[in-house]
Amino acid sequence: MNTSSSANAKGANNQDSAKRGMWSSRLAFILAATGSAVGLGNIWKFPYITGENGGGAFVLVYLLCIAAVGLPIMMAEVLIGRRGGHSPVKSVRLITEHDRANPAWRWMAAVAVLAAFLILSFYSVIGGWAMSYVGTAATGQLAGQSADQIGAIFTDLLGSPVSLLLWHTVFMALVMLVVAKGVRFGIERAVTILMPALFVLLLLLVGYAMTTGFFGQAVAFLFQPDFSKLTTAGVLIALGHAFFTLSLGMAIMMAYGSYLPKNVSIAKTSIAVSVMDTGVALLAGLAIFPIVFANGLEPGAGPGLIFQTLPLAFGQMPMGSLFGTLFFVLLVFAAWTSGISLLEPLVEWLEERKGMNRMVSTLSAGIACWALGIASILSLNLWSGFAPLGMFSMFEGKTIFDLLDFFTANILLPLGGLLVAVFAGWIMSREALERELAMSPGAFSLWYRVLRYFAPVAVAVVFIYNLIA
Ligand code: PFF
C-alpha cells in the first residue's frame, strides 16, 4: 500500500506519528487488540449473562451480533484510527476537516473516551476480585470446600469495602504503570506472553470440565437454542455485550489502529481478533457450565458465577491450588491488558489536548477513575440498598455499580458503535475507505453495505425497541 501518495488526514504529521511509535509488527497489534478484547467480558461476564438469559438462543444471537455487527464496526474503527493517525478525538477531527464533514463528529470520540473512563472505574473493581482470588487459591483456601463455603468466600469479599478498595487500588496502579510507559514498551510486551498462556490454561480447564460427566449438558445448554427463553432485553444485552467484548464503541480500536502500520490488512487483523475473542468466551463457557451442573449450582447466579463455580473445581481437582492460582493470575492479566486499553484513550487525549506529559496525564486520568470506582465498591456493601434512579421502574433496585454497567454496556457502547458505522459508512469518503481496507471489490462492497445499512439499522432497532418497551 502506498502511504506517501494517499492523501490521508494525517497530512504533514508523519514525523509526529514516528515519534508516537508504532506497533512493531502486525502480530503485536493483534495481540494488543486481543489483549483489550479478551478480558473479564469473556471469562466473567459472558458466562453469567448467558446463564441469566437461558443459554443457547442467547449465545446464537450473541454470535450473530459479533459477526454481522461487531466485526464490520471493528474494521471501521481501526480504519478511522489508522487514517487519522492520532488520538481518537483528533483523528476524527482531522478526517472531518479533510472530508469536509461537520466538525461536531469529534464529539463521537469524546463520548467514547468518556464511556471508556466510566467502564474502567468498575472494571477495576472486578479486576480486584480476581486479584483477591489469586491469594485465596494460592493459600489453599479452596481445597475441599463445599459450594456453600466457596459462596461464603465470595460474599465475605463483597461485604468488605476495605479489601475491595485495596485490590481496586492495586489494580488501578498496575494499569497506570503500563500506560505511563507507553504503547510499545508497556502494552506490547505484556500481552505477547500473557495471551497465549491464558488460552492454554483455559483449554486445560475445559479438559477438566470434561471429566465431570456434565459436559454434554453444558454443550446442550450453550448450543441448543430454546427461543422461548430469549427476551428482547436479552437481545439488547447480547448486542451490548458484543460491543463490550470486542472493545468497540469506545474509541479503543481507533486509538490502537492509529499505531497500526499502513501495510497491514485491517480486515484480516480484525477477523483474527474477533475469532480469538469469541473462542475465549466459548471456552470459558465450556469450562464453567459443566461445573455449574455437576454441583447443582444456578446458571443464572449473576456476577458471582465464575467466582463460585471455578473455585469449586479447583478445590476438587488434583493440584487444584496450583491451577487455581494460575487461572486467577491469568484472569488478572486478561483484565489488566483490557484495563490498560480503557485508560489509553483518555491519556492520549490529555497529552494531546492539555499538553500534559504522559506521566501527568496517566496520573490524572488514573486517579480520577480510581476515585469513581469507590462508588462501585460501596454499591456492593454499604450502599447496596441505594438505587439513585429507583424512581424509574426500569432502574428499580439498580445500585450505582449496576447503573454504570447498564448505562455503558447497553447505551453508550451501542450508541458509540452506531455512530462509528454512520461516520465511516456515510460521512467518510468511499475512496479513502477503499484505500485503507485494500480488499477485493466484492469483499469491500459487502462490508460497505453491511456498515451503511445493516449494522446501523440493527443497532437502532434493538436500541429503540428497548427504550420504549
Ligand atoms: N473487551 C474487554 C472485555 O471483554 O473484558 C473489556 C473492555 C475493554 C471493554 C476495553 C471495552 C473496552 F474499550
Side-chain angles (χ1 to χ4, degrees), residues 30-50 62 65-66 70-71 73-74 77-78 81 87-88 108-109 111-130 171 175 178-179 187 190-191 194-195 198 202 237-257 270 273-285 303 306 330-349 365 369 404-417 420:
I30 293 185
L31 287 168
T34 310
S36 169
V38 174
L40 296 168
N42 307 64
I43 299 169
W44 163 72
K45 196 167 181 189
F46 171 75
Y48 97 74
I49 56 177
T50 299
Y62 161 78
C65 290
I66 296 268
L71 175 64
I73 292 183
M74 179 186 287
E77 239 188 68
V78 176
S87 74
M108 165 177 85
V111 171
V113 171
L114 172 74
F117 175 79
L118 295 178
I119 291 182
L120 181 58
S121 76
F122 68 85
Y123 199 83
S124 164
V125 175
I126 303 159
W129 298 357
F171 188 88
V175 166
V178 175
V179 173
I187 303 178
V191 289
L194 303 175
M195 284 302 119
L198 179 71
L202 265 179
I237 294 173
L239 181 74
H241 187 63
F243 286 109
F244 186 89
T245 191
L246 293 176
S247 300
L248 297 180
M250 246 161 312
I252 286 170
M253 292 298 157
M254 259 183 235
Y256 279 16
S270 305
V273 174
S274 311
V275 167
M276 283 191 275
D277 185 73
T278 310
V280 171
L282 295 178
L283 281 179
I306 70 157
L330 289 174
L331 184 61
V332 168
F333 280 123
W336 188 17
T337 50
S338 301
I340 293 164
S341 74
L342 283 163
L343 193 60
E344 174 69 22
L346 182 58
V347 168
E348 211 182 4
W349 182 77
C369 201
L404 279 170
D405 181 17
F406 179 87
F407 186 64
T408 49
N410 297 354
I411 299 192
L412 286 180
L413 301 194
L415 193 66
V420 167

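The structure presented is a predicted model; accordingly, all values stated were derived computationally and were not measured. Both ligands and their constituent atoms are indexed starting at 1 by order of listing. Values below: all heavy atoms of this structure, side chains included; hydrogens, waters and symmetry mates excluded.
With sequence neighbours excluded, the residues that form a side chain to side chain contact (heavy atoms under 4.5 Å, CB included) with Ala238 are Phe58, Val61, Tyr62.
A heavy-atom cutoff of 4.0 Å around ligand 1 is satisfied by the protein residues Ser36, Ala37, Gly39, Leu40, Gly41, Asn42, Tyr123, Phe244, Thr245, Ser247, Met250, Ile252, Ser338, Ser341, Leu342.
Side-chain contact check for Asn410 versus Asp405: every heavy-atom pair is 4.5 Å or farther apart. At a threshold of 4.5 Å between non-hydrogen side-chain atoms, the residues Met254 and Glu348 do not count as touching.
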Mind running side chain to side chain contact (heavy atoms under 4.5 Å, CB included) on Leu404 and Ser121 for me, showing each step along the way?
CA-CA 9 Å; Leu404 279 170; Ser121 76; 3.8 Å; yes
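Put simply, the residue from Thr337, Leu342, Leu343 that forms a side-chain contact (heavy atoms from CB on, under 4.5 Å) with Val175 is Leu343. Looking at Val420, Val78, Leu246, Ile73 one by one, the single match for side-chain contact (heavy atoms from CB on, under 4.5 Å) with Met253 turns out to be Val78.
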